[in-house]
There are 4 protein chains.
Amino acid sequence: MTTPAAASPAIPLRVGVVGLGWMGQVHARAYTRVAQHYLDAPLRPVLVAVADNAGDERLARAVAAYGFADVHADWRELVARDDIDLIDICTPGDSHAEIALAALAAGKHVLCEKPLANSVAEARTMTDAAAAARAGGVLTMCGFNYRRVPAVAYLRQLIADGRLGEIRHVRAVYLQDWITDPQFPLVWRLQRERAGSGALGDIGAHIIDLTQFVTGQQITGVSALTETFVKERPLAGGSTGLSATAGGPDGGAPTGPVTVDDAALFLARLSGGAVATYEATRFATGHKNGMRVEVNGSLGSAVFELERLNELQFHDATRPGPEQGFTRILVTEPEHPYLSAWWPPGHIIGYEHSFTHQMRDLIEAVATGTDPRPSFVDGLRVQLVLDAVSRSAELGSSWVGVAPVPAEVPA
Amino acid sequence: MTTPAAASPAIPLRVGVVGLGWMGQVHARAYTRVAQHYLDAPLRPVLVAVADNAGDERLARAVAAYGFADVHADWRELVARDDIDLIDICTPGDSHAEIALAALAAGKHVLCEKPLANSVAEARTMTDAAAAARAGGVLTMCGFNYRRVPAVAYLRQLIADGRLGEIRHVRAVYLQDWITDPQFPLVWRLQRERAGSGALGDIGAHIIDLTQFVTGQQITGVSALTETFVKERPLAGGSTGLSATAGGPDGGAPTGPVTVDDAALFLARLSGGAVATYEATRFATGHKNGMRVEVNGSLGSAVFELERLNELQFHDATRPGPEQGFTRILVTEPEHPYLSAWWPPGHIIGYEHSFTHQMRDLIEAVATGTDPRPSFVDGLRVQLVLDAVSRSAELGSSWVGVAPVPAEVPA
Amino acid sequence: MTTPAAASPAIPLRVGVVGLGWMGQVHARAYTRVAQHYLDAPLRPVLVAVADNAGDERLARAVAAYGFADVHADWRELVARDDIDLIDICTPGDSHAEIALAALAAGKHVLCEKPLANSVAEARTMTDAAAAARAGGVLTMCGFNYRRVPAVAYLRQLIADGRLGEIRHVRAVYLQDWITDPQFPLVWRLQRERAGSGALGDIGAHIIDLTQFVTGQQITGVSALTETFVKERPLAGGSTGLSATAGGPDGGAPTGPVTVDDAALFLARLSGGAVATYEATRFATGHKNGMRVEVNGSLGSAVFELERLNELQFHDATRPGPEQGFTRILVTEPEHPYLSAWWPPGHIIGYEHSFTHQMRDLIEAVATGTDPRPSFVDGLRVQLVLDAVSRSAELGSSWVGVAPVPAEVPA
Amino acid sequence: MTTPAAASPAIPLRVGVVGLGWMGQVHARAYTRVAQHYLDAPLRPVLVAVADNAGDERLARAVAAYGFADVHADWRELVARDDIDLIDICTPGDSHAEIALAALAAGKHVLCEKPLANSVAEARTMTDAAAAARAGGVLTMCGFNYRRVPAVAYLRQLIADGRLGEIRHVRAVYLQDWITDPQFPLVWRLQRERAGSGALGDIGAHIIDLTQFVTGQQITGVSALTETFVKERPLAGGSTGLSATAGGPDGGAPTGPVTVDDAALFLARLSGGAVATYEATRFATGHKNGMRVEVNGSLGSAVFELERLNELQFHDATRPGPEQGFTRILVTEPEHPYLSAWWPPGHIIGYEHSFTHQMRDLIEAVATGTDPRPSFVDGLRVQLVLDAVSRSAELGSSWVGVAPVPAEVPA
């Protein structure tokens, strides 16, 4: 047996995850991926403990699979541990603020899944707490993972480099269809008190953040309408991820009111002069994860589609006329963002690696003491738009302005 | 020399065309195509005369190419002729009402290009006149040619047959980019007094009519915003179709204000419960004729794209789950609308044949004395939506209802 | 009534068509299109007479629709007329040589549909006759219409300009599925004595000519296999175009042997060093008119697909790495071949206009006394490859060289 | 702290990996993925040790990242350990046979990367050894990972269920472009003594195995040609994965002969009556990982493309005519093969998970004592075809039959 030249042992980043549902597991896997794909990452994430009160076999298996040492039924115990550096919050939105404030108070770095909170008020308490904690070297991040899809990061880079010129149009949809069946049960995502809103906050939040991210502009006002197509649903039995089973036999099952939007549509203006349409819906039959974002500028255009997340369509209007057209760029070259650590060109990556890249960037930020993005303020910005959309919809589509948020360091 | 079994000589339909610009020529060609592709059409269109005051070589060549016997500089002379059955109006929108009213008064059938008029008031005088003339057997039609694209007609049929179930979403864009260059001159299409509106009336009108046509529903209200990105342009030298040259040297050329919208975006509700987004723009860099219409229903979805007009994407949600997906239907089978008269499957047709089919349907209607569609009332319906969009945009995106129009025979 | 500036009356080109089946009608229409779209074409085609012995109502209607003055049951009468300049041969391949030789002897220009003949020997008599007639100013053309699809012509131009560099690979398929049903009857296209070969000569001929055309190279040798999947079929009742009905009731109908290939596959080498695969089949379920040609060179690649004939996919390997990809060029810009005469960008054209452009080029050649392409020699070149493919297939796929044909003026 | 219901501790499967280059790392990651995604897998892979003589920093980092306990410079030491159950061979093809034979002799299960060997003779010794070892309960598997792409497994299932009917055509290409630059150096993959062959064995092997797998048929004979476009290249400095740097300055660098094929093309017949074309090349400019496999049958067709590996295009010819077309199935539904363990529909997976699934199936086989597929005999079958292709190419494309291999249990 021989020993190869020793690799310098990486410093551990000790992680505690709150909520080991499907999103919590996605995060847990991502931490292990970073170490395997970014061999020179400055910190090595260690999955120390998880807080989750499910107490069932499924949880036990997950805990074992990811190698967590401990499980706490109460997240407060997790936050209180002194052998944890980072609290990663993967619970529904109604608990984000409380957990994040406690973790910051305990001096932990915090990664909080999107949406940052279920209300602007909560989000503001979180950004305030984050700003206060920052003085003590504590970092915060809001988890809009799609910023880390290489094609999205590349699109941002193209726009920042002026390749699209002055942005005129943004066109963003996030189309899903998992509740088109009226017998689909009343899971927590369909209840306002748990989820805050429906398609709007769940998937609309993604396209709001993503378009603000790639354009470098903020939404300044909106005109919106929302709709709930199926107003009453069977009470839920159990659910996991985006699937669930109804609680009782067809027809005889007790039902409850759907208190969130099935679909949210809005027009918007952006701070740089662009006009935009946005649509988030769970009733777009045939679309499973149909996020599509298009940006048209004076010098070019680009289109990103999540179901083909390794591709970017780019139209360069400065090319000779007869050769112009949308170019399907396979964003798998080593020069593309994040991809130097991956396999040869053309070997595609999947959804999960938006999280791998997120964790890599977070680790980099912690190692260097710089602020990771998206910040809690970025999360607040999204929350402000969500809030304006809801109010505009309540006001019969009247225009509602979005208050500007003080500048940060550019994302 | 032998004589084949004699074909019964078809009865002529004598046509006079007002305006032999590029749209007038598209119509002229379409009349000759009908006779060649629908060998058993009940009437044979004859191009009798044209009214156009261009008086130039280009006009002379066009007149010769299509075989018109005469040219009138004044359309009133054309309308006054007693050897013409049908007046086909292909001039800009500001002259539609006057010409149509005169033609109807002269007892001619009238085909009027879209949009029906430049205002609701004008459109109402036209529908009133049409209704009055109808008593005397005179027929009227408004030229929304895209209804006659086979894939569009097939989509309407699928929806009418219930294959999409209850319609939830309509998503319609018409994207062009021919005036993104700020040096593109101030042609008539950019002047409110000639064109009525900009992208809204020119191409937005198409997606309004098309979505109302395929869904069988009417838009009941809108929230809109419009934008003019380039507010001042060089005065125009000459123009033809959608191309033009500026009137003077770069920089030194006299300029004038653009008085129409470059882009119009709106949210809408439809009479059957669907919600919708619409966007018409001439600033979508990279899109030449980018009409795209998607409809999502409880049982299925469909997508139509004009640049691939021989295709329809259809998702049938009643199929077994693992086999579901959008099917690219090449709408070139003999069972598809209009296609029995064409070539073998897979041999595609072009833009022009939406007009060929339009003329075929018009001829059929005249031959049988039935009302062709789209009617002037259909044109009025579009005008009412255009008007509501304009008003909503002026009112800061406030919701503006669209008055219902009394029912006709179904389209 | 006013008279516009007079258009100079174009000189007529008097056309006689042999065979007014569906291909003959496609040609007839194309002549009328030229006059309507290329207003400044130097000659004006006039449809003088047709030779066709069908003698039925369908023929009578077609004759009337295209305005032929006379019909001859015997093509010899047509060829004998002294008021005809051009004989256009649209009959099955077994009659091409006889008709063409007679027409050339009578001093007529000849346009002969592809394939030029059913054998190399026939093709050689035709090229010899063409060369002899050329001395007297008589011109000949072989009708490989797909050369005139704008995207194909543009591809040739890109390759000729060196944009693809040294050509390494050609990959061509022509996939149809119209006889996958074993009950489809034994039409003339399935009989060797009429059609010469099956998929090979019918559609394989197209991809042979097209790839030689776009690359500017000739096939120098092949290794082939052919297959007839359905060896016996019901005798045909009647047929038109690519559809037909079986002659009798299912099961009880008399049948006959299929004497042509259902599919032909071959490997090839080209004169410039490229290697190639070719496949022509009528058993590619789901493909209606699925011609697809791809060319890979040292500097770039391109893909053409006939069912989307307005598009060309172009990959430019000289662009910056991260921006590379296949660009979907919508070949509808005025700078693209043939398109200056058409409508605004993005308004697509159909299959038929490959013939319109063919007739335009033929008219141009006649007017200027230059040799139109593809020539009879081009037709012979295809015939030599077809012959080599057949022989290789008979020899168990052994390599069969293709004799070079003396150089002409470049196409 | 609470303890959730305990998960039964899984039995370990102790793995030793030979060669921790990029393929070895892909395998190492895959073992860790199984445990995270298939929480109920019957065995838990443990990465015990690796054999690799690189001895550099890169190797040290990789060893640490995947948690191997030990590193051996000599693979014989690894094979000799008694705490290892499975030897996973990820070295170039010239060493496969020796390592595999030793491992089998030591009573280890063996997973051997494709191609099984560099010659038929070696492959036969391996299948013989595997058969002998099987008696002692030792299992063997050959690593054609693409069988485990869900869309591929689903395609096989559709064909096995008769959904495509009788298979008529197979059309398979594997297109890459990573050596189009003549300055790309002479890496081991371009040397016959290391790699056995070029594009043929490297990527052609994949499409041979994959098409035999999905159709359930074997190739019975071939006619082939191969080409080496760039015959001399700079000697290599170092290489990793598919990238490398030349050993010296441009121009002055010493060069060596390329002794493998750059491209291999062949026609084939399959045991069930289908005819086929195959092409593998590293000179298809613009294609990075362009595997595309199409199968046409009497009842339907399907297309798989590796760069969009989450999709399958399926054409069902038994549907009503006007609704037919290729359906883009997003193979991410829980009913699809392998996907029950993944995230919600529409959230795509990447290249790496073909290996995750491979390891899952291997673990399942070991746990149940059943034979995993592809077996060494499957690997031999591919080797026989590769050999026939090489011989046909040497014989000027003459037809070369492929000897049948005795039947096994169906894959």
Side-chain angles (χ1 to χ4, degrees), chain B residues 1-7 9-10 22 25-26 28-29 32-33 35-37 39-40 49 52-66 70-73 77 176 178 241-243 287-290 306-310 330 332 334 343-353, chain C residues 1-7 9-10 22 25-26 28-29 32-33 35-37 39-40 49 52-66 70-73 77 176 178 241-243 287-290 306-310 330 332 334 343-353:
Chain B
M1 186 184 326
T2 65
T3 309
W22 87 268
Q25 293 193 47
V26 167
R29 287 173 200 135
T32 71
R33 258 66 153 177
Q36 295 182 348
H37 285 276
L39 299 183
D40 53 358
D52 193 306
N53 61 8
D56 57 4
E57 168 76 7
R58 181 198 56 78
L59 175 61
R61 285 175 188 253
V63 165
Y66 308 113
D70 297 318
V71 181
H72 302 267
E77 292 178 16
Q176 297 187 338
W178 54 282
L242 299 183
S243 70
H287 295 279
K288 302 306 169 186
N289 203 25
L306 186 56
E307 289 179 357
R308 289 177 171 168
L309 66 81
N310 295 272
L330 198 54
T332 59
W343 28 70
H347 294 70
I348 69 170
I349 67 170
Y351 160 75
E352 72 202 282
H353 295 309
Chain C
M1 189 183 323
T2 66
T3 307
W22 88 268
Q25 292 193 48
V26 167
R29 288 174 201 134
T32 71
R33 259 64 153 176
Q36 294 182 349
H37 286 275
L39 299 183
D40 53 359
D52 194 305
N53 62 8
D56 58 4
E57 168 76 8
R58 183 198 56 78
L59 175 62
R61 284 174 189 255
V63 165
Y66 308 114
D70 297 318
V71 179
H72 301 269
E77 291 178 16
Q176 296 187 338
W178 54 282
L242 300 183
S243 69
H287 294 278
K288 302 307 168 185
N289 202 25
L306 186 56
E307 290 180 357
R308 287 177 171 167
L309 67 82
N310 295 272
L330 199 54
T332 59
W343 29 70
H347 294 69
I348 69 170
I349 68 170
Y351 160 74
E352 71 200 282
H353 295 310

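Chain A is the first sequence line, chain B the second, and so forth, proteins listed ahead of strands; every chain is numbered from 1.
- Rounding to the nearest 0.5 angstrom, the gap separating the NZ atom in B:K288 from the CD1 atom in C:I348 is 16.0 Å.
- If you measure heavy-atom distances from B:H287 to chain C, you find no contacts under 4.5 Å at all.
- Across C:D40, C:L306, C:V26, the residue that shares the most heavy-atom pairs under 4.5 angstrom with chain B is C:D40.
- Relative ring orientation between B:W343 and C:Y351 is described as perpendicular, the plane-to-plane angle rising above 60° on a 0-90° scale split at 30° and 60°.
- Partner of C:E307 under the side chain to side chain contact (heavy atoms under 4.5 Å, CB included) criterion, out of B:N310, B:L330, B:T332: B:L330 alone.
- Side-chain contact between C:R33 and B:R33: present, with at least one pair of heavy atoms (C-beta onward) separated by less than 4.5 Å.
- The two atoms that bring B:A35 and C:A65 nearest to each other are O-CB, 3.3 Å, heavy atoms only.
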